[in-house]
2 protein chains.
Amino acid sequence: MALNDRKIQILQAIINDYIATAEPVGSRTIAKKYNLGISSATIRNEMSDLEEMGFIIQPHASAGRIPSDLGYRLYVDRLMQKRELKEEEQQFLQSVVARNISQIDYLMEETAKAISMLTNYTTLISEPVSKGAKLKQIRLLPLDSESILLVTATEGNYVKNHILKVSVVPEEEKLFELGREINAILKGCTINDIDQRIVGVLKGKLQEYSYILPALLSAVEQTARGAENIQVHLSGAKNILAFPEFSDIQRAKSLFQTLEQKEVLVTLLKENKDDAMQIMIGSENNLQSMKDCSVITTTYKMGDGTRGTIGILGPTRMDYSQVVSVLNGMVKNIENVLKALKEEKKDS
Amino acid sequence: MALNDRKIQILQAIINDYIATAEPVGSRTIAKKYNLGISSATIRNEMSDLEEMGFIIQPHASAGRIPSDLGYRLYVDRLMQKRELKEEEQQFLQSVVARNISQIDYLMEETAKAISMLTNYTTLISEPVSKGAKLKQIRLLPLDSESILLVTATEGNYVKNHILKVSVVPEEEKLFELGREINAILKGCTINDIDQRIVGVLKGKLQEYSYILPALLSAVEQTARGAENIQVHLSGAKNILAFPEFSDIQRAKSLFQTLEQKEVLVTLLKENKDDAMQIMIGSENNLQSMKDCSVITTTYKMGDGTRGTIGILGPTRMDYSQVVSVLNGMVKNIENVLKALKEEKKDS
DNA sequence: TGTTAGCACTCACTTTTATCGAGTGCTAAT
DNA sequence: ATTAGCACTCGATAAAAGTGAGTGCTAACA
């Protein structure tokens, strides 16, 4: 049986209608709403074929048809039309990125929020990761009479602060000097490189302050581990409640539970191995609680070559075209803002 | 009509049963389950009185009774028994606090998570706030060939990092010196103190790097504003779905929407003006979508005198006794860990 | 006078039955 | 190949009937 033009037109009509209404689409509806110049009976015959081919499903005998995962797949691969973002949407995304570009964690958080707001779907973002991150900067700054600020940064510019409580804070110059020495010792190390010998050397350098060593080491370790752990930001999960496919509270709950497991999200995002946009439809992801969901992912590159992944999750009946355009817009934005930052540097 | 002992016993039975089952409690249930030594008919008479007094409500004519807000109020003020945390619960909380005590934002986030996990309710936490925060530390550190790390801290030890992109990073010593000078200029200023004159001075100091000034100022401003803005952490909102009072998806959605508005949360937490534990029952908070919810708040003090608020939100039918003990345990924990930190310093 | 057994009554909830209508598949005519 | 026509299916909605937990009232009892 051939998938001729007319069948495709009908399939497209079914998908469009179902995306818009979430109701099974009948032959008469198509005949009336979409002027294909054929009668409902003819449409019925074609629909029967489409069902046989696996592109649409009849939920029960006297209902209209809904697209199957395979139907959506065809739609996404061959039928879907690219849509451009509206100017104001573009602007909105851009302003969010520009406002947060200097702090990766805020950028992720705010970007996720912005995308959820724009699409009404759920957004997942993973931060760029550096494996076996080497320490790059370790510094001490005085804060107040009992606190020292420890700043640690790893390659990939993952930065973290820790406040160390001490009884006596060394005088400023002395503290800087201490920081510089610690930095010299630890710079370039990964967390695994820090052995007894190095700890010994540190202890020697710290002298009367050696009691802060455990806190210091633990802070350094936390930073290093943090840089290696993939951070995932989730936003707009509550949007799920708005979709009729989750008006059953049990389903909603089980999806929420799934989304709470960070590892699951990471796995989901990791599916995207190349840089292209990737669309996972329905049970293409292997999670029971997400069999009625689709996830669209794409990667973005920060200036330094590290890459993260953005994913948008919605019902299989999601507006693929919109989501794709928002994701494209977002990635372009991040790149643009980074480029603009570079220009700025050159200009001045 | 007097609220004699027997009435109180019956009220207590109703509340206990309703908290456990979420089903209206009938006279026969009480007669059978709680051995009060009186018949269901007598209980019926007493219940009729309790209803007249406003402590219980009959949802409809042929149903049992449920506690009214007033009933819960009486329970909370006079009947509720203090419960001690189990050893393992105590330990769990303590480990969370100990692990995160050095970073206020993580502490809040993780504490919120821990409490939600322990209670199965929703947790809100606001961070300590400093009004008109003065800048305390501004430093520059080299990160890589195109990035400078700007560390800013305000009074109250609110610390933030920003990465500034530049075309040429000054040599390390030079950069420190720059940082030191900027610090000298800005130290002690609030964000409002930074006027044209100061900007001019900064510009002079920065010389060929003056193009980073906008980014630097914006970063400083962000930090200062951040210190002034109340940060609120919300955790375990999805727990709400588990309660039968929110099995109606509309209600759940509207509560979720309310919880998404940060200002609402802040207002809620701000209700707690003194340091004592405060219990807001049902419509005592004036939010329509939360009229079936209670919020229990308490404040915690960080070492430096700043204070934040922890709130637990659940259905009015929540386990007040458990929540109170968890909150007490948590506050005690934070204090203990802080004290332990101080001891540690002295010992060494 | 307080307590209790007994009983009629109420009303949400469940089950059953009936009705409706959107949508299909098949057949026969065009 | 297309389509009008029609019998048929079956979920959804509505109406009717039945069930039972729980009440309030009354009258008897200690």
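Convention: sequence-line order gives letters A, B, ...; per-chain numbering from 1. All of these numbers come straight from a predicted model, not from anything done at the bench.
Distance B/Ile10 CD1 to C/dT3 P: 10 Å, rounded to the nearest Å. In this structure, the CZ atom of B/Arg44 is 14 Å from the C1' atom of C/dT10, given to the nearest Å. In this structure, B/Glu46 atom CD and C/dG2 atom P are separated by 11 Å, rounded to whole Å.
Contact between the side-chain N/O atoms of A/Arg28 and the OP1/OP2 oxygens of C/dG21 is not found at any separation under 4.0 Å.
Rounded to the nearest 0.5 angstrom, A/Asp319 CG and A/Asn16 CG are separated by 9.5 Å. Taken to the nearest 0.5 Å, the OH atom of B/Tyr34 stands 12.0 Å off from the CD1 atom of B/Ile10. Note that CD1 of B/Ile312 and CD1 of B/Ile125 are 9.0 Å apart. Values are rounded to the nearest 0.5 Å. Taking CD1 of A/Ile296 as the reference point, atom CG of A/Leu124 lies at 11.5 Å (rounded to 0.5 Å). How far OG1 of B/Thr258 is from CG of B/Asn285: 9.5 Å, rounded to the nearest 0.5 Å.
Across all strands shown, A/Ser27 has heavy atoms under 4.0 Å from sugar-phosphate atoms exclusively, and none from any base.
Between chain A and DNA chain D, the heavy-atom contact criterion of under 4.0 Å yields a 5' to 3' nucleotide range of D/dT2 to D/dG11.
Side-chain contact of B/Thr299 with B/Asn272: a donor-acceptor pair under 3.5 Å is absent, judged by distance alone. No donor-acceptor contact under 3.5 angstrom links the side chains of A/Asp69 and A/Thr316, judged on distance only. For the residue pair A/Ser294 and A/Tyr320, a side-chain donor N or O sits within less than 3.5 Å of a side-chain acceptor on the partner.
For A/Asp5, the CG atom is loosely surrounded, since the number of other residues' heavy atoms within 6.0 Å does not exceed 12. Within a 6.0 Å radius of CD in B/Glu84, no more than 12 heavy atoms belonging to other residues, nucleotides or ligands are found.
Here the side chain of A/Ser48 pairs no donor or acceptor atom with the backbone of A/Arg44 at under 3.5 angstrom.
Residues from residues 58-70 of chain B that place a heavy atom under 4.0 Å from any atom of DNA chain C, listed by number: B/His60, B/Ala61, B/Ser62.
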Enumerate all atom pairs, one protein N or O and one N or O from nucleotides 28-30 of chain C, separated by less than 3.5 Å.
none

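Residues B/Asn45 and A/Thr29 each lie close to DNA chain C; by heavy-atom proximity, the contact nearer the 5' end of the strand is made by B/Asn45.
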